[in-house]
Number of protein chains: 2
Amino acid sequence: MGVTARKEREKLELRNQILEVATELFLKEGFDKTSIRNIAEKIEYSPATIYLYFKDKNEIFRAIHDKGFDIFFGKLSESQKIENPYMRLRRMGDLYLEFAFEHREFYDLMFVMRAPVEARNEEGNIDWLCGMRSFKLLQATITECMEKGYMKKMDLDVATVTISSLMHGMASLYIRERLVMYDQNILPYLFRDAMDNIMQAFKASPMTSSFTEN
Amino acid sequence: MGVTARKEREKLELRNQILEVATELFLKEGFDKTSIRNIAEKIEYSPATIYLYFKDKNEIFRAIHDKGFDIFFGKLSESQKIENPYMRLRRMGDLYLEFAFEHREFYDLMFVMRAPVEARNEEGNIDWLCGMRSFKLLQATITECMEKGYMKKMDLDVATVTISSLMHGMASLYIRERLVMYDQNILPYLFRDAMDNIMQAFKASPMTSSFTEN
DNA sequence: AAATTTATTGAACAATGTTCATAAAAATCA
DNA sequence: TGATTTTTATGAACATTGTTCAATAAATTT
């Protein structure tokens with residue numbers, strides 16, 4: 001009989017409800033002000049119940065963290081319709097910052113907060129998959145740029161770390177309010193120029209492009 | 001009589017002791033695990049006493065934050081003996097990362113955590129001075145690089161934001177464990193190459209150097 | 001020696017994450 | 001259907017947190 005199937009469905013439903021409410025509260029109030037009791041009240045269950053579906057608070061935020069990476073990947077993927085890998089890479093930069101500005105809390109959870117990392121370390125699992133998808137997309141685009149002669153050839157890891165560090169640096173300095181000495185309205189323009197600069201730096205110099213090499 | 005002077009001295013002494021103990025605990029255990037009661041116990045006073053010397057926990061960490069910037073400035077200043085501004089700038093990058101690696105907790109407090117920022121916002125004061133000193137040093141060095149023809153001329157804010165974002169991106173991604181996909185031992189080399197890359201990008205192209213322009 | 005100012009604290013408050021024995025509900029078995 | 005077992009939910013408690021405030025103790029001034 002399908003009774004166990006139904007129970008499993010119900011169990012998943014409640015789990016998802018917890019996640020939904022937790023996400024809502026988190027995006028509205030932030031991590032610290034989202035308490036287990038808060039979530040419990042909203043789903044009309046006792047606080048203890050939540051611990052039947054999640055090991056601890058960190059695990060809840062680990063799950064939200066994963067959701068954030070889904071949205072992030074979706075956003076980055078918007079660039080994939082662009083044929084030219086160099087233009088595509090540049091577009092990915094814009095989309096990255098768009099995501100950070102539009103979903104600050106998500107961004108913070110995904111790239112700054114300690115909570116989801118702590119949860120991962122306890123699980124002992126290697127499911128980096130969430131973030132890895134986006135990471136691989138970046139790597140693939142960079143590789144394509146180099147292969148097709150749009151970018152000068154260099155170590156893939158160096159290029160990847162350079163680009164993602166610059167992107168994360170801008171996003172996180174902004175989100176964590178370490179750029180208050182600047183007019184907040186011009187920051188997007190500064191960031192744009194910074195991206196242009198680094199793209200320029202990686203651009204293949206005419207003499208070493210694939211057209212002359214291959 | 002010098003009684004009030006002595007009292008003020010004593011008051012300052014206890015304040016400093018609180019700060020010392022708080023710093024020690026913070027560097028050893030981190031922010032969350034450094035509780036007011038913990039500090040109180042170590043200085044052999046009641047928890048309530050601490051509130052006679054600091055408005056709240058954030059204010060304590062705001063003070064530690066400032067101390068961190070002192071050390072940071074001292075570290076960056078080691079570069080000042082280098083005459084050539086371009087080499088000096090490059091050296092500042094190394095020193096920046098050295099600081100981040102050697103004093104993770106300080107770095108985190110200074111550039112990532114929300115606590116000191118919250119304290120600042122409540123104070124309503126503009127005493128960014130701590131961080132500003134280092135910031136100005138970076139700006140001055142970049143300016144000198146451009147003026148003396150070592151770096152191509154560009155908007156100072158763009159150059160500053162680009163460089164500091166890259167630096168902070170690397171440091172914070174590392175400290176907050178977002179680069180676990182890389183062998184942690186090679187990270188310093190990746191970072192070094194990233195810095196070299198960006199320096200190269202900013203280097204004056206021979207045709208636009210000051211030697212041809214001036 | 002008394003009055004006043006300053007410094008300190010114990011006890012309490014409200015909130016947090018988390019656990020666990022108990023109770024309720026549901027599914028299975030006789 | 002009625003009894004048993006398994007699953008699900010909870011109330012109450014624990015330890016801990018930051019913070020406040022009326023009370024005490026200490027030091028200084030009168």
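In what follows, every chain begins at residue 1, and chains take the letters A, B, ... in the order their sequences are listed.
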**OP:** Tell me what Tyr53(B) touches on the nucleic acid: a base, only sugar-phosphate, or nothing, going by heavy atoms under 4.0 Å.
**Re:**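 Counting heavy atoms under 4.0 Å across all strands, the contact made by Tyr53(B) is with sugar-phosphate only.
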
[X] [atom1] to [N] [atom2], straight-line distance once rounded to whole Å:
{"X": "Ile18(A)", "N": "dT8(D)", "atom1": "CD1", "atom2": "P", "answer": "13 Å"}
{"X": "Ile39(A)", "N": "dA15(C)", "atom1": "CD1", "atom2": "C1'", "answer": "15 Å"}
{"X": "Tyr45(B)", "N": "dG10(C)", "atom1": "OH", "atom2": "C1'", "answer": "17 Å"}
{"X": "Ile50(A)", "N": "dG17(C)", "atom1": "CD1", "atom2": "P", "answer": "9 Å"}
{"X": "Glu118(A)", "N": "dG17(C)", "atom1": "CD", "atom2": "P", "answer": "14 Å"}
{"X": "Leu52(B)", "N": "dT9(C)", "atom1": "CG", "atom2": "P", "answer": "9 Å"}
{"X": "Glu44(B)", "N": "dG10(C)", "atom1": "CD", "atom2": "P", "answer": "13 Å"}
{"X": "Lys11(B)", "N": "dT6(C)", "atom1": "NZ", "atom2": "P", "answer": "10 Å"}

**OP:** Determine, for Phe111(A) and Arg178(B), whether the Lys NZ or Arg CZ falls below 6.0 Å from the six-membered ring centre while staying within 45 degrees of the axis.
**Re:**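 Not satisfied by the 6.0 Å and 45° rule.
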
**OP:** Check whether NZ of the Lys or CZ of the Arg Lys203(A) lies under 6.0 Å from the centre of the six-membered ring of Tyr150(A) and within 45 degrees of that ring's axis.
**Re:** no

Subject >> nucleotides 18-24 of chain D: protein proximity per nucleotide (B base, S sugar-phosphate only, - neither; heavy atom, under 4.0 Å) >> reply: BBBB---

**OP:** Kindly state whether the ring of Phe72(A) and the ring of Tyr96(A) have centres lying under 6.0 angstrom apart.
**Re:**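 Yes, they do, as the ring centres are separated by less than 6.0 Å.
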
**OP:** Determine, using ring centers only, whether Tyr107(A) and His103(A) are less than 6.0 Å apart.
**Re:**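 No, too far apart.
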
Original post:
Between Leu109(B) and Phe26(B), is any pair of side-chain heavy atoms under 4.5 Å apart?
Top reply: yes

Original post:
Quick check: are there more than 12 heavy atoms from other residues, nucleotides or ligands sitting under 6.0 Å from CE of Met154(A)?
Top reply: yes

Subject >> Phosphate OP1/OP2 of dT10(D) contacted by Thr49(A) side-chain N/O (<4.0 Å) >> reply: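 Yes, within the criterion.
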
